[in-house]
Amino acid sequence: MTAEAEAILRVDDLTVDYGLIRAVNGVSFEVAQGAIVSLVGSNGAGKTTTMKALSGLVPRAGGAVRFAGAPLDGVTPDGRVARGLAHVPEGRRVFPRMTVRENLLLGAYLRGRDPGVVEDLDRVCEMFPILAARRQQLAGTLSGGEQQMLAIARALMSRPKLLLMDEPSMGLAPQMVDLILEKIVEIRASGATVLLVEQNAVEAIRLSDVVYVLRLGAVIHRSAGRDMDESLLKALYLGHDI
Amino acid sequence: MEDIVNALALFANYVAVPATAYGAQLALGALGVTLIFGILRFANFAHGEMMSFGTMATILVTWGLQDAGIGLGPFPTALLALPVGILAAITMALVVDRTVFRFYRRQRSNPIVFAIVSVGVMFLLAGLVRIIIGPDDQSFADGARFVINAREFKELTGLEEGIAIKQTQIITVVVAGAVVAALFWFLQKTRSGKAMRAYSDDEDLALLSGISPERVVAICWIIAAALAAIAGTLYGLDKTYKPFIFLQILLPIFAATILGGIGQPVGAILGAFIVAFSEVMVTYAFRKFLAYLGPQDWAPDGLVQLLSTDYKFAVSFIILVVVLLIRPTGIIRGKVIV
């Protein structure tokens with residue numbers, strides 16, 4: 001019971017349809033306050049769609065989502081940002097024709113003239129020093145790794161309680177992958193909760209408190225990060241039931 | 001030497017000056033269409049009639065002011081009435097959005113559905129305008145007519161050809177310049193302007209940044225309607241207000257929008273001037289112009305006019321077809337219509 005009370009996000013029997021195709025078919029999981037939780041699974045398992053349904057980019061066909069103690073029924077994507085839910089979508093998404101600084105300020109769009117915005121600008125620039133150096137540069141001219149850092153920093157500018165990160169290390173050079181994973185731990189240390197979708201499952205599991213394995217739009221396994229080893233993961237990926 | 005100057009004066013009088021004023025009017029219209037495409041992602045066929053509606057409101061207020069004896073001295077009274085016309089157009093745009101377009105947004109309808117719906121709105125607005133002000137042409141320009149007329153110009157310079165500059169042409173260019181500068185300042189520097197650009201660039205990422213789509217859409221309608229009312233009023237002042245012209249004027253406006261690159265404000269302005277100059281030049285009889293430039297006592301037999309002015313809208317149509325065939329993204333690479 002206490003574990004439930006501490007959950008910042010509870011997803012019950014979530015279903016999402018794309019036209020006639022059911023992409024997410026009754027996913028249930030919960031994310032405890034201050035944890036790093038990973039969703040892993042092969043392509044088409046429904047991880048990205050689950051994330052999009054949580055941030056409101058795609059409509060939910062059924063099930064219930066509770067965030068920070070209140071249901072998210074009928075809350076628009078901007079309303080969810082206001083409640084403290086930030087989403088770093090897949091594919092290093094930034095506004096390429098705006099400067100790094102403008103991108104970061106758009107992340108804090110809902111906070112208006114809050115003086116804390118300037119503080120947070122310094123904070124994320126401290127976390128990602130390269131962004132400070134590139135402040136006035138157009139985001140489209142950054143390297144892939146820098147764009148990913150900017151995408152994460154943009155999401156942090158809304159001061160989220162829960163950060164959804166979809167494939168943050170995809171397509172990046174190995175050192176950059178290590179750096180991004182390091183930053184995820186740092187973000188959690190700063191007080192935010194992280195829900196992570198990673199293709200790089202072994203690495204993701206190493207830093208996660210809880211791991212959910214998804215297959216064909218449903219959760220097939222849950223375990224603590226430390227209990228998950230590579231052979232078990234392989235078996236789950238290959239479709240063996242445990 | 002003097003012949004060349006005369007040729008240039010002739011060209012300026014019949015081509016450059018009117019095309020510049022016309023280009024500025026088209027630019028304001030095309031900016032509205034391009035903004036709506038950038039934000040709402042559909043081709044708004046009702047934009048011409050929105051210009052008409054705003055202009056009609058301006059005319060009605062102008063008449064009221066004239067009756068009350070209120071004016072702006074040498075300037076047209078319509079400038080005083082224009083803010084009311086702008087407000088009327090904005091109100092209408094927001095009402096139409098709430099009652100019509102919002103429904104289709106909630107349905108997540110595809111862009112072609114929106115375009116067809118806008119055709120319906122176009123007919124509705126056209127009907128409304130004709131019920132209120134009637135189908136007849138209205139002339140509502142008052143104040144001084146010319147800044148300089150052809151005779152004064154000739155006396156001043158001693159040339160054979162005069163350049164007449166109408167006051168409305170100067171007003172058009174000045175007002176259009178000020179409006180465009182204000183629009184660019186808004187889009188580049190303000191928080192709402194940046195939110196609009198962000199939404200146009202990457203809708204999902206804008207939503208995830210906390211930008212409210214309804215707010216962006218409302219701001220977009222407000223700007224587009226204001227631009228429409230200003231463009232229509234300037235066009236009406238420069239020529240006369242003809243309720244039936246606003247269906248035809250969609251063609252050069254769409255041509256300008258697509259030529260410049262859809263969703264690109266700078267492109268819309270560029271496209272508008274190219275369309276305006278093409279239209280005026282293709283329908284201008286170059287006979288006298290060539291006579292000045294050619295040898296003594298030599299003049300072409302024909303008018304050297306490519307198309308009769310009756311066909312001026314064909315020019316936009318040709319530009320539209322050529323752009324779509326050769327470079328469908330427009331001069332400044334915009335979004336391709338699918």
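So you know, we letter chains A, B, ... as the sequences are listed, proteins then strands, and number each from 1.
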Within 6.0 angstrom of Leu325(B) CG, more than 12 heavy atoms from elsewhere: yes

Exercise. Verify the neighbour count for atom CG of Asn43(A): are there more than 12 heavy atoms of other residues, nucleotides or ligands below 6.0 Å?
Key: no

Minimal heavy-atom distance between Gln188(B) and Glu102(A), with the atoms involved, is O-OE2, 4.0 Å

Bottom line for Arg154(A): the part with an atom under 4.5 Å from chain B's heavy atoms is side chain

query: Are more than 12 heavy atoms from other residues, nucleotides or ligands located less than 6.0 Å from atom CZ of Arg327(B)?
result: yes

Nearest heavy-atom contact between Leu207(B) and Leu57(A) is CD1-CD2, 4.0 Å

Problem set entry | Over 12 non-hydrogen atoms of neighbours within 6.0 angstrom of CZ in Arg111(A) | yes

Look at atom CZ of Phe317(B) and say whether more than 12 heavy atoms of other residues, nucleotides or ligands are closer to it than 6.0 Å.
no

Turns out that what part of Val94(A) lies under 4.5 Å from chain B's heavy atoms comes down to backbone

Tell me whether Gln107(B) at atom CD has more than 12 heavy atoms from other residues, nucleotides or ligands lying less than 6.0 Å away. yes

Note: Phe95(A) and Ser209(B) closest approach over all heavy atoms is CE1-OG, 4.1 Å

Given the options Asp202(B), Leu208(B), Asp204(B), Pro89(A) meets side chain to side chain contact (heavy atoms under 4.5 Å, CB included) only with Leu208(B)

Assert top hit (heavy-atom pairs under 4.5 Å, partner chain B, pool Lys52(A), Met157(A), His87(A), Arg80(A)) equals His87(A)

* Verify the neighbour count for atom CZ of Arg102(B): are there more than 12 heavy atoms of other residues, nucleotides or ligands below 6.0 Å? => yes

Taking only distance into account, with no hydrogens and no angle test, what donor-acceptor pairs under 3.5 Å do side-chain atoms of residues 25-39 of chain B form with protein atoms, sequence neighbours excluded?
from: Gln25(B); atom 1: NE2; to: Asp238(B); atom 2: OD2; distance (Å): 3.1
from: Thr34(B); atom 1: OG1; to: Gly263(B); atom 2: N; distance (Å): 2.8

For Arg97(A) and Asp201(B), the nearest pair of non-hydrogen atoms, with its separation, is NH2-OD1, 2.7 Å

Within residues 210-218 of chain B, the residues sitting under 4.5 Å from chain A by heavy atom, in sequence order, are Gly210(B), Ile211(B), Ser212(B), Pro213(B), Arg215(B)

One option among Ala195(B), Ala206(B), Ala198(B) has the most heavy-atom pairs under 4.5 Å with chain A, and it is Ala198(B)

Output for pair (Arg197(B) CZ, Met98(A) CE), nearest 0.5 Å, gives 4.0 Å

Cut-off 4.5 Å, heavy atoms of chain A, and the answer for Arg108(B) is side chain

